[in-house]
Amino acid sequence: MLHKALPGFRDFYPPEFAVRSHITGVWREIAHRFGFEEYDGPPLEALELYVEKSGEEIVGQLYNFVDKGERAVALRPEMTPTLARRVAARAAGLRKPIRWFSVPQLFRYERTQRGRLREHFQWNVDILGEEAVAADAEVLAVALAALQALGLTGDDVVARYNDRRLLERLGLGAGGGADRLLATYLAIDKLTREPREVIRDRLVSVAGIGATVADAVLAIFQYRDLAELRLAFGKSESVLRELDRLEAYGAQLARLGFGAYTAFDPTIVRGLAYYTGTVFEIFDRRGELRAICGGGRYDNLLRNIGAVSLPAVGFGMGDVVLGELLAERGLLPAHRPRADYYLIAVTEAERPVLLQVAGALRARGAAVLYGLKHANVGKQFKDADARGAREVLVFGPEELAAGQVVHRVMGTGEERRTPLSEWLGGGA
RNA sequence: GUGGGCGUAGCUCAGGUGGUUAGAGCGCCAGGUUGUGGCCCUGGAGGCCGUGGGUUCAAGUCCCAUCGCUCACCCCA
C-alpha cells in the first residue's frame with residue numbers, strides 16, 4: 001500500500017468512475033436541454049482572485065501555495081470568480097443573456113467529513129445579463145430537472161428559496177452597512193441549527209445591531225409563508241414588491257413542473273457575501289445530509305470584479321452529497337461491464353479470421369472483445385460471460401470450412417450457424 | 001483547528017481475560033473441462049494485523065505517540 005490518495009481526495013476505480021460519469025452525464029444532458037453552453041477554465045488560479053472581496057470566508061480554507069515562479073496560487077475553491085472574470089473580459093461581445101455551465105473540479109483545504117472532501121466536482125449553471133425573475137426560476141428549474149432526471153422526486157428533495165431583498169425590506173438592514181448586513185445573514189444562516197438565544201446574542205455581539213432590532217429581526221421568522229408575511233407587512237410598498245417577485249418566482253417554477261420540489265423559507269440566506277437577491281438551497285427531505293445544491297442572484301459581482309455591470313444568477317451542485325443521496329435511495333445504476341460481441345477462436349488457426357471480424361464489427365460501432373491469449377473454449381465463454389458480452393461468435397475449423405460461424409445469444413442461450421460473410425461485410 | 005469512535009487479505013469481517021506456522025466468505029489466478037458461460041468441486045496467490053516506540057519470557061490483543069478513516073464542532077463548495 002505505497003501510494004494512497006491524499007486525504008480528502010478520491011480514487012475513481014471503474015465502479016466509482018461509473019457513478020461520477022452517471023451524475024456528470026445527467027448534468028450535461030440537462031444543461032443542454034435548457035440551452036446552456038459548457039465552458040471551463042484553469043483549476044489553478046492566482047490567489048488574489050479569491051482573496052478579493054468576492055468571498056472572504058472562503059480564503060481561510062483555500063488550497064493554496066507558492067509555485068516555482070514564486071507566484072501565490074490557489075486551486076480553485078469555486079467557479080464563480082473565474083466565470084465572472086472571464087465573462088467580464090468579453091462581456092461586450094457576448095449575446096445576452098449569457099447561459100453558461102461548467103463541471104469543474106474544485107478544491108478546499110479543510111478537515112474532511114461526510115459529504116465534505118478536499119476535492120469535488122461541482123455543476124455550475126449561470127445566467128448573466130438578465131435581471132427578470134424568469135432567469136432566477138430558469139436556473140433553479142435546471143437544477144431540479146437534473147435531480148428529477150437522476151430519479152429524485154419532490155418527496156426526496158426540496159428547494160427552499162428566499163430573497164435577500166425581502167429581508168432587507170423587512171428591516172434586516174436597519175441602520176447598518178454592508179458588513180453588518182452580511183454578519184446578520186451569517187447569523188440567520190444558522191437559525192435552524194442553533195438555539196434562538198445564541199443567534200440573538202450573535203446578532204448583537206457580532207453583527208453589532210441593537211437588542212431591540214435583533215428581536216425585531218428574529219420576529220420575522222415566525223412567519224413561514226408568503227401569505228402570512230403579506231398579512232403582517234403588506235402595508236409597506238417595498239415589501240409588497242418583494243413578495244410579488246417571490247410569488248412570481250414560485251409560480252413560474254410550478255408552471256415549469258417543479259411545484260412539488262419547491263418551498264419558500266425565510267431562513268434561507270446563504271453564507272456567501274456576494275448574493276444580492278434570490279437565494280436557494282436544495283436539501284434531502286429527510287434532512288440527513290448536507291445541502292445538495294445552493295445558489296442565488298449576485299448582481300454586483302461582475303461590477304466589483306470586472307468593471308462590467310451585468311446582473312447574474314446561478315448555482316453550484318456538488319457530486320459528493322448528491323452521490324450519497326442517490327446511493328441511499330438505490331438510484332445508482334449497477335456497474336457492470338458491457339460488450340456487444342465476444343469472439344471465440346476454437347484453435348489458434350482461427351485467430352486471423354476472428355481479428356478480421358472484430359475489425360469489421362468495431363468499424364460498424366459495435367463493442368467487441370476477444371481473449372488475448374489462446375484458451376480452451378469453456379474458458380473463453382466464461383470470460384465472455386464475466387465481461388458482460390451480449391452475443392458470442394465462435395470461430396471453429398469445421399464451421400469456417402463451410403464459410404460459417406456459430407452465433408450465440410448469451411441471454412437466451414439461443415445458438416445458430418450464420419454465414420461468415422455477414423460478419424465480414426463492411427455495410428451497416 | 002477542537003473532541004469522541006475505529007484501523008486485521010482487493011472487499012465485508014472473525015480472531016473470550018496476551019500464548020505456537022493469523023482465519024472465513026466474496027473476489028482474483030490455476031485446474032477439474034483441447035468445441036460452449038452462469039452452478040459445483042479442488043488447489044493457489046495475496047497480510048511486516050495502519051506506522052513507530054514501550055511493557056512482557058511472549059503483543060493482532062495491553063500502554064504511549066503518530067498517521068489515516070469516521071462522527072460531532074468550527075465553517076461552508
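Chain A is the first sequence line, chain B the second, and so forth, proteins listed ahead of strands; every chain is numbered from 1.
Nucleotides B/G37 and B/G31 are separated by 15 Å at their P atoms, to the nearest Å. For the C1' atoms, the distance linking B/A14 with B/G7 amounts to 16 Å, nearest Å. The P atoms of B/G23 and B/C63 are separated by 25 Å, rounded to the nearest whole Å. Comparing the same atom, P, in B/C57 and in B/C69 gives a spacing of 38 Å after rounding to whole Å. Using C1' as the reference atom, B/C28 and B/U21 are 24 Å apart when rounded to the nearest Å. On the C1' atoms, B/G46 is 6 Å away from B/A9, given to the nearest whole Å. Here the separation of B/C40 from B/C26, taken at their P atoms, is 8 Å to the nearest Å.
The interatomic distance linking A/D189 (CG) with B/C76 (P) rounds to 7 Å, in whole Å. With rounding to whole Å, A/R408 atom CZ is found 7 Å from B/G37 atom C1'. Spacing between atom CG of A/L354 and atom P of B/G35 amounts to 16 Å, rounded to whole angstrom units. In this structure, the CZ atom of A/R290 is 8 Å from the C1' atom of B/C76, given to the nearest Å. When the P atom of B/U36 is taken as reference, atom CG of A/L393 falls 17 Å away, rounded to whole Å. The nearest whole Å value for the distance from the CZ atom in A/R387 to the C1' atom in B/G37 is 14 Å. If you take CD1 of A/I268 and P of B/C76, they are 14 Å apart, rounded to a whole angstrom. B/C73 atom P lies 14 Å from atom CZ of A/R111, rounded to whole Å.
Both distances falling under 3.5 Å, in either a Watson-Crick or a G-U wobble arrangement, place B/A30 opposite B/U42. Of all nucleotides present, none satisfies the Watson-Crick or G-U wobble test against B/G35 with each distance under 3.5 Å. Nucleotide B/A58 is matched to nothing when pairs are restricted to Watson-Crick or G-U wobble geometry with both distances under 3.5 angstrom. Across all strands shown, B/G7 forms a Watson-Crick or G-U wobble pair, both distances under 3.5 Å, with B/C67.
Regarding contacts with the backbone of B/G31, a side-chain N or O of A/K379 is found under 4.0 angstrom from either OP1 or OP2. For B/U36, neither phosphate oxygen OP1 nor OP2 lies less than 4.0 angstrom from any side-chain nitrogen or oxygen of A/K382.
Across all strands, A/V406 comes closer than 4.0 Å to base atoms (heavy-atom distances). Residue A/R270 is classed as a sugar-phosphate contact, given heavy-atom separations below 4.0 Å to backbone atoms only. Residue contacts for A/G413: at a heavy-atom cut-off of 4.0 Å it reaches a base atom on one of the strands shown. Among the heavy atoms of the strands, none lies under 4.0 Å from A/T347. Note on A/E399: a base of the nucleic acid sits closer than 4.0 angstrom, heavy atoms only. A/G295 comes within 4.0 angstrom of nothing in the nucleic acid, heavy atoms only.
Looking at A/D383 and A/Y342, their side chains do bring a donor and an acceptor atom within 3.5 Å of each other. In this model, no donor atom of one side chain and acceptor atom of the other lie less than 3.5 Å apart for A/T24 and A/W123. Side-chain contact of A/Q113 with A/R290: a donor-acceptor pair under 3.5 Å is present, judged by distance alone. A/E45 and A/T82 share a side-chain donor-acceptor pair at under 3.5 Å.
The side chain of A/D385 sits closest to B/G38 out of B/G38, B/G35, B/U33. Nearest nucleotide to the side chain of A/Q113, out of B/U36, B/C73, B/A30: B/C73.
A/F101 has its ring centre no less than 6.0 Å from the ring centre of A/W27.
Geometrically, A/R270 does not engage A/Y275 in a cation-pi contact, judged by NZ or CZ lying under 6.0 Å from the ring centre and within 45° of the ring axis. For the pair A/R164 and A/Y185, the cation-pi criterion (under 6.0 Å, within 45° of the ring axis) is fulfilled.
Nearest-nucleotide assignment on RNA chain B puts the 5′-proximal partner with A/G8, out of A/L117 and A/G8. Each of A/F381 and A/P7 lies near RNA chain B, and the nucleotide nearest A/F381 is the one positioned closer to the 5' end.
Residue side chain A/R114 does not reach the base of B/U70 through any donor-acceptor N/O pair under 3.5 Å, judged by distance alone. Counting atom types as modelled, A/Q380 pairs no side-chain N or O with a base atom of B/G35 as donor and acceptor under 3.5 Å. If you check distances only, the side chain of A/R116 does reach the base of B/C76 with a donor-acceptor pair under 3.5 Å.
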